[in-house]
2 protein chains.
Amino acid sequence: MTALTPVDAKALADIALFAALPPAVLEEAAAMARTRPLPRGLRIFDQGEPAGRAHALLSGGVRITQAGSDGEEILVRLIGSGEIFGCVPVLTDGLYPADATAIVDAVELSWDPADLLALMQRHSRIAINMVAIVGKRLGEAQERLRELATQSADRRIARTLLRLLDQAGCRTGDGLRIDFPLRRKDIADIAGTTLHTASRILAAWQRDGLLISRNRHLVIASPEAMDRIAEGN
Amino acid sequence: MTALTPVDAKALADIALFAALPPAVLEEAAAMARTRPLPRGLRIFDQGEPAGRAHALLSGGVRITQAGSDGEEILVRLIGSGEIFGCVPVLTDGLYPADATAIVDAVELSWDPADLLALMQRHSRIAINMVAIVGKRLGEAQERLRELATQSADRRIARTLLRLLDQAGCRTGDGLRIDFPLRRKDIADIAGTTLHTASRILAAWQRDGLLISRNRHLVIASPEAMDRIAEGN
DNA sequence: GGAGAAGTTTGATCCAGCGCAAATTCATTG
DNA sequence: CAATGAATTTGCGCTGGATCAAACTTCTCC
């Protein structure tokens with residue numbers, strides 16, 4: 001479960017939470033961290049359960065979903081390498097607010113919540129980095145909220161794809177590819193629509209050559225056209 | 001515009017951002033703060049404008065709204081006394097992400113962004129408090145997102161009222177009253193529906209004696225019934 | 001390589017709630 | 001207190017997209 005080999009401080013430099021920190025502090029954080037491989041499909045934690053660890057992803061991808069009492073769920077966020085997750089409850093009510101599942105083989109670092117808190121107390125820069133990270137996510141959530149309340153399903157899906165490109169896009173032969181494996185249901189759960197509507201819209205875009213869908217990966221052939229749809233034609 | 005009288009450090013103790021801080025630090029924060037009265041209707045800042053100050057409310061209420069390029073807007077949050085607003089951009093891109101308007105006569109404290117940042121650097125507790133505040137708001141935003149994507153308009157409005165009660169409810173003769181003055185449009189903009197739908201639903205509840213609407217204030221006569229609606233009958 | 005599971009596509013139907021319009025009530029100000 | 005503007009209520013038709021149903025395709029694992 002837990003690697004016995006010490007965590008390399010250099011690995012921490014790629015994590016946004018530890019950006020702009022002196023090497024000594026990275027060493028300190030590394031000393032308290034544990035590495036763990038996360039095989040694809042692994043449920044990392046469950047919504048409502050006490051936050052036993054605070055997490056950061058070194059590689060791979062993690063899906064964060066939230067379910068209501070009725071079972072209806074949304075995809076809160078996809079976590080890529082260098083991003084933290086399940087860290088906020090350390091400072092609030094101590095309960096994970098959502099489920100986390102590895103969507104590809106991944107590697108995480110994790111800390112005991114008390115250790116991370118102590119680290120933030122000693123080094124305000126870490127706490128400040130965390131405000132920046134959480135603040136950015138809050139801004140995104142509010143933007144999604146506005147879109148969901150006011151825009152049509154196709155605009156929202158276009159926005160979703162553009163945001164994912166921004167987060168995890170890489171250039172390929174025929175366009176920009178989203179590095180996370182995504183099912184239609186995932187797209188729907190981010191954009192706030194149903195699997196069926198998402199499938200219809202993506203199929204139409206694929207017919208128009210705007211988009212290529214391979215395996216569980218999407219390649220956006222024309223980001224410009226996608227932009228135009230997102231802006232409402 | 002700016003009060004010449006020094007800010008009283010005791011006033012800071014009621015602000016969540018400065019919770020659990022030694023008096024000396026409160027003095028330090030007070031020394032850098034400015035007081036300003038905010039008459040009802042005053043636009044405090046505009047979306048997209050550089051964040052010239054970081055704000056906290058001593059009394060009154062402020063409405064934070066976000067508009068899209070098409071003019072459609074949502075109500076991101078209502079700020080009550082003791083809450084901070086317009087503080088996140090200090091740590092991110094430096095631009096206010098939304099509009100802020102006083103909805104009743106209010107009094108604010110404000111800081112120069114650089115001063116607040118320095119304060120957080122010196123006292124990690126302040127930065128940690130801020131993570132807790134922003135983290136809580138993020139959780140709320142994600143909850144709203146899920147509700148908006150999956151629940152009917154009446155459930156969302158019921159949830160909205162309950163959340164507002166939680167934030168600014170006070171007991172009165174005939175039920176629990178929400179302390180912010182709210183127009184139907186405000187309710188609609190929080191719940192993510194139209195003014196018309198909100199009006200219809202509230203009117204129906206008023207007919208059933210579940211709710212009393214006076215001036216621009218709502219009194220929830222039966223929070224229990226409201227709870228039941230929020231849970232889906 | 002084949003059986004079963006998981007994911008996708010597409011069709012048909014239906015309704016919550018949006019958009020538009022108009023009447024009515026309420027609040028503010030000279 | 002009248003008058004003007006703002007906010008609310010209510011009616012009605014229409015539609016985007018949810019829901020239900022079913023065929024089809026693609027993965028996964030033995």
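All chains are named by letter (A, B, ...) in the order of the sequence lines, taking the proteins before the strands, and each is independently numbered beginning at 1. Computed from heavy atoms alone, side chains included, the values below leave out hydrogens, waters and symmetry copies. The structure presented is a predicted model; accordingly, all values stated were derived computationally and were not measured.
- Salt bridge absent: A/Glu108 and A/Arg53 never bring a charged side-chain N and a carboxylate O closer than 4.0 Å.
- Contact check, B/Arg183 against D/dA7: a side-chain N or O comes under 4.0 Å of OP1 or OP2.
- Spacing between atom CD of A/Gln151 and atom C1' of D/dG17 amounts to 16 Å, rounded to whole angstrom units.
- Taking atom CH2 on B/Trp205 and atom P on D/dT8, their separation rounds to 16 Å, with Å as the unit.
- Distance, B/Asp70 CG to C/dG19 P: 11 Å, rounded to whole Å.
- Residue contacts for B/Ser213: at a heavy-atom cut-off of 4.0 Å it reaches no nucleic acid atom on any strand shown.
- Between C/dG17 and B/Thr193, no contact under 4.0 Å exists linking OP1 or OP2 to a side-chain N or O.
- If you measure from atom CG of A/Leu202 to atom P of C/dT8, you get 10 Å, rounded to the nearest angstrom.
- The CG-P distance, from B/Leu148 to D/dG17, rounds to 13 Å in whole Å.
- Distances shorter than 4.0 Å separate some side-chain N or O of A/Asn215 from OP1 or OP2 on D/dC27.
- Among the atoms of the strands shown, only primed sugar atoms or phosphate atoms (P, OP1, OP2) are found under 4.0 Å from some heavy atom of A/Arg40.
- Using a 4.0 Å heavy-atom cutoff across all strands shown, B/Arg207 reaches sugar-phosphate atoms only and no base atom.
- Under the 3.5 Å distance criterion, with hydrogens and angles disregarded, a donor-acceptor pair is assigned to the side chains of B/Arg184 and B/Ser213.
- When heavy atoms are screened at a 4.0 angstrom cut-off, B/Thr194 is found touching the sugar-phosphate backbone but no base atom.
- For the pair B/His217 NE2 and C/dC26 C1', the computed distance is 15 Å after rounding to whole Å.
- Counting heavy-atom neighbours within 6.0 Å of B/Arg43 CZ, excluding the residue itself, gives a total above 12.
- Checked for salt-bridge contact, B/Arg155 and A/Asp70 meet the test: a charged N lies under 4.0 Å from a carboxylate O.
- Ion pairing between A/Arg163 and A/Asp166 fails under the 4.0 Å rule for side-chain N and carboxylate O.
- We find that CD1 of A/Ile201 is positioned 15 Å from P of C/dT8, with the value rounded to whole Å.
- Atom CZ in B/Arg184 sits about 12 Å away from atom P in C/dC26, given to the nearest Å.
- The nearest heavy atom of DNA chain D to A/Ala153 and to A/Arg216 marks one nucleotide each, and the one closer to the 5' end goes with A/Ala153.
- Candidate nucleotides D/dT10, C/dT8, C/dA12 were compared by shortest atom distance to the side chain of A/Leu195, and C/dT8 ranks first.
- Among the heavy atoms of the strands lying under 4.0 Å from B/Arg200 is at least one base atom, whether or not backbone atoms are also near.
- Along DNA chain D, the nucleotide nearest to A/Asp154 and the one nearest to A/His196 differ in position, and the one closer to the 5' end is contacted by A/Asp154.
- Within the structure, a side-chain polar atom (N or O) of A/Thr197 is placed less than 4.0 Å from OP1 or OP2 of D/dA18.
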